[in-house]
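Index from 1, following the sequence. The analysis underlying the following values was restricted to heavy atoms, covering all of them including side chains, and did not include hydrogens, waters or symmetry mates.
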Amino acid sequence: MPFDNLSTDTEQGYLADGLTEDLTTELARIPGLFVISRNAAFTFKDKPRLPSDVSTQLGVRYILEGSLRRTGGQMRINANSSTP
């Protein structure tokens, strides 16, 4: 799922989007791992979502979601996976 931008600067959203794209690309390189496309993931951006609904709609078993927060010169990235 697209990572959420939790910083107070809404223009930092490009960092969260870039992180989502990079993770999608790297995870897709793992043999035997089914990864949905970037476009499919971004259809859920900025929408309330339940993992069970997303997994049903996309036909996936695991969901990776997270957030990015940048304050000054520091950045905090949180990621977690869930099974609906």
Is any side-chain heavy atom of [X] closer than 4.5 Å to a side-chain heavy atom of [Y]?
| X | Y | answer |
| --- | --- | --- |
| P2 | F42 | yes |
| L68 | L6 | no |
| R61 | S55 | no |
| L23 | F3 | yes |

Candidate pair R29 and V35, rule side chain to side chain contact (heavy atoms under 4.5 Å, CB included), full reasoning
CA-CA 9 Å; R29 293 181 182 182; V35 179; over 6 Å; no
[X] versus [Y], closest heavy-atom pair with distance:
| X | Y | value |
| --- | --- | --- |
| M1 | V54 | SD-CG1, 3.6 Å |
| I36 | T24 | O-CG2, 3.7 Å |
| N78 | R69 | ND2-NH2, 4.5 Å |

Hey, mind stepping through N39 and S37 against side-chain hydrogen bond (donor to acceptor under 3.5 Å, both in side chains) and telling me if it holds?
CA-CA 5 Å; N39 291 337; S37 72; 5.2 Å; no
Output yes when a side-chain donor or acceptor of N5 lies under 3.5 Å from a complementary backbone atom of S7, and no otherwise.
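Flag set: sc N5 to bb S7 pair under 3.5 Å.
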Under a 4.5 Å side-chain heavy-atom rule over Ile, Leu, Val, Met, Phe, Trp and Tyr, are [X] and [Y] clustered together?
| X | Y | value |
| --- | --- | --- |
| L58 | I63 | yes |
| L27 | V60 | no |
| F34 | F44 | yes |
| L64 | L19 | yes |

Supply the atom-to-atom distance T20 OG1 to K45 NZ, rounded to the nearest 0.5 angstrom.
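Going from the OG1 atom of T20 to the NZ atom of K45 covers 7.5 Å.
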